[in-house]
Each structure stands twice: as C-alpha cells, then as structure tokens.
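Note sheet for the following structure.
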Amino acid sequence: MPELPEVEITRRSFAEALDGATVTGVQLGKPLRWPLGVPIASLVGATLGLATRRAKYLWLPMSGPDGGLLLHLGMSGSLALGEERMLGPHQHFALHTSRGSLVLTDPRRFGAVVWSAGLAVDPARKLLAGLGAEPFDPALTGATLRAAWRKRRTPIKQLLLAGEGVVGAGNIYACEALWRAGIRPSTPGARLSEARCERLRLAVREVLGQALALGGSTLRDFSDAHGVAGAYQTQAAVYDREGQPCPRCAAPIQRVVQAARSTYFCARCQRP
DNA sequence: CTGGTGCCCTGTCTGC
DNA sequence: TGCAGACAGGGCACCA
C-alpha cells in the first residue's frame, strides 16, 4: 500500500502527539514479517522521541531502554492513533502510551515492527543499507542519479521500485513519474542521459510532492493515523488507467508486467 | 555482481 | 451462489 507520501503523511499525523509520551504497554497479534526482537516488558516505561522517516520506514526513537522501533507498513499496513482497546483481527501491533495507542492494522502482514538499539546498528542498519537518496534531498541531482544508474541494465521502472538512486516511488508513483518525465519504463537505467535523469528527478519530486499535498493515494484502505483518506489516486495520469486516453496525447494507456508488477505507460509520449 | 523468480499473507474482484 | 484464479500500494531470499 503505502509509498513514501503515505508513510510520511502517517508520520506527520502522529509524531508530535507521541513525542515525549511514556510507553505503558505493547500488544502483539499474529506474526509480522520479522519478530519484534525484544521482550515486550522491557519497553514499558520507555520515553518516546519524535518519529522520523527514512524511505518507507518509520523510526520511533526511545530512551530507557535506548533504541527504537523500526516500522514498515508493507503492502497493506496503516497506523491509527486512538484509545486503547482490544486488537481487531488484522491488528498485529499496538504501542500503548500515556498519550494514546498507536495500532498497526495490516491484513497481509508484509509489514514489520522491529526493535533496534539505533539506526546505525543492526537490524536497522542492515535494513536501511543500500537505500538511495531521499527524493527531496538537495544533494540529489541528475548527475548523482546518472552515476547510480550508469552501469545498470535493469529497466528504470524496476530501479525506481528498488529504491536505487532515489527512494520513495512505489508502483503508483514510479509509473506516474516516468510518464511525467517522458521515459519508457522499460528503458535500461544505463541508457538515460544526465539530462533525462534530471528530468526524472524533478518528476519524482513533483509526483511525490503533489501526493503529499493531497494526503496520499487511497486505492482501497489507506488513511492517516486519524483515519483521513488521500485523494491523489484521482489525479493519476496512467496508473490503473489501461485503455484510457493519455492526458497529454490521448493515445491509449498501455499495461505491461515488469518483475511481476503492473506497469502503466503511454507508448506515444514515453520514449525508450 | 546481476538480473530474474518465488515467496511472505489475506482480501477482493472477475469470470466460469 | 460457489469456486478457482488473478491481482493488489513492498521487499527479501535465493537461484542461475
């Protein structure tokens, strides 16, 4: 489900409310992708800091014990902040605090909540290693993207999905950014000139920025920690629009499968 | 190293 | 109505 905009919107919707809160309990439902990695009891009494985000991961820092929870929403996860109550059938993690309970709902359980003593040590270090630059990092340029992709024959769509060079664009926003940049999703990364890399960098920023402004995309069930849905999906130019006219040139949008994921593009205005 | 595939798990929708 | 199959916003492990 959640790509970078949805994760960031989720973060913003609860981070300040829980900054400084005391952990009063933790509840687990069915297993998520990995074990929590710490006894629940040891977290009780910890003080929460301000939640941050790296790529599609959220980091909930704590002191006493020092460390934090690294959280990923997977394909179907969402967080809600509310009163403490029984876990529902798809609620597999709850962090009860002095200022409310943060509950992870994740039917498919591809998500994760993992304890790490810090971001620079395992398991967080290993999970975050190799991620590309943040899309809004001023240090990210067409030249740095060109350098990251120049030896990669993998199609650019898959490089974006893997977070190589730049993170944050999942299936929806990778399709949208490539359309905006006029680049065919099947184009090998190495084929992109620095100028096209720069165009794609700007496209990724624009798409993610617009999605952030619209509260993300709600295809089925995404909402922020207060239950507010997103509206970006109504703006999509190509995603899930197979056969419909390209907003730019009116040619029918095509759908292909790359690495087992649907890719939508306009064959007329997106060039190899 | 690299690119490709399979898999984790559940819900929803489509077509027979 | 029932049921099988495809598909879904992500990412890891493993293979050749």
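Worth knowing before you read on, the calculation uses all heavy atoms, side chains too, and leaves out hydrogens, waters and symmetry mates. The chains referred to below are lettered A, B, ... by the order of the sequence lines, with proteins before strands, and numbering in each begins at 1.
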Check against salt bridge (charged side-chain N to carboxylate O under 4.0 Å, His left out), A:Arg12 and A:Glu8: CA-CA 6 Å; A:Arg12 291 178 188 175; A:Glu8 175 62 16; 2.8 Å; yes
Evaluation steps, side chain to side chain donor-acceptor pair (under 3.5 Å), between A:Tyr239 and A:Ser262: CA-CA 9 Å; A:Tyr239 184 80; A:Ser262 288; over 6 Å; no
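Pairing partner, B:dT14: C:dA4, with both Watson-Crick or wobble hydrogen-bond distances short of 3.5 Å.
Comparing C:dC14 with B:dC9, their P atoms are spaced 16 Å from each other, to the whole Å. Annotation: C:dG11 and B:dC1 have their P atoms spaced 22 Å apart (nearest Å). For the P atom pair drawn from B:dG6 and C:dA6, the interatomic distance equals 13 Å after rounding to whole Å.
Look at CD on A:Gln158: it is 14 Å from P on C:dG11, rounded to the nearest Å. What separates CG of A:Leu219 from P of B:dG11 is a distance of 18 Å, to the nearest Å. Summarising the geometry, the separation between CG on A:Leu4 and C1' on C:dG11 is reported as 15 Å, rounded to the nearest angstrom.
Note on A:Lys56: a side-chain N or O is less than 4.0 Å away from OP1 or OP2 of C:dG11. Contact annotation: A:His90 side-chain N/O to B:dG11 OP1/OP2 distance is under 4.0 Å. Distances shown here put a side-chain N or O of A:Arg261 below 4.0 Å from the OP1 or OP2 atom of C:dG9. Taking 4.0 angstrom as the limit, A:Thr154 places none of its side-chain polar atoms (N or O) nearer than this to OP1 or OP2 of B:dT2. Between A:Tyr239 and the phosphate of C:dG9, there is a side-chain N or O to OP1/OP2 separation shorter than 4.0 Å. Contact between the side-chain N/O atoms of A:Arg153 and the OP1/OP2 oxygens of B:dT2 is not found at any separation under 4.0 Å.
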Listed pairs, N/O of protein and of nucleotides 14-16 of chain C, under 3.5 Å:
none

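Atom CZ of A:Arg191 is surrounded by 12 or fewer heavy atoms from other residues, nucleotides or ligands within 6.0 Å.
Note: A:Leu95 CG to A:Leu18 CG = 7.5 Å, rounded to the nearest 0.5 Å. A:Glu3 contributes atom CD, which lies 9.5 Å from atom OH of A:Tyr232 (distance to the nearest 0.5 angstrom).
The hydrophobic cluster containing A:Leu71 also contains A:Leu81, counting ILVMFWY residues as joined when their side-chain heavy atoms lie under 4.5 angstrom apart, directly or transitively.
Stacking annotation: A:Phe110 is stacked on the base of C:dG10 (ring centroids less than 5.5 angstrom apart, interplanar angle below 30 degrees).
In the interface, the side chain of A:Arg109 is not paired with the base of B:dC9 through any donor and acceptor atom under 3.5 Å apart.
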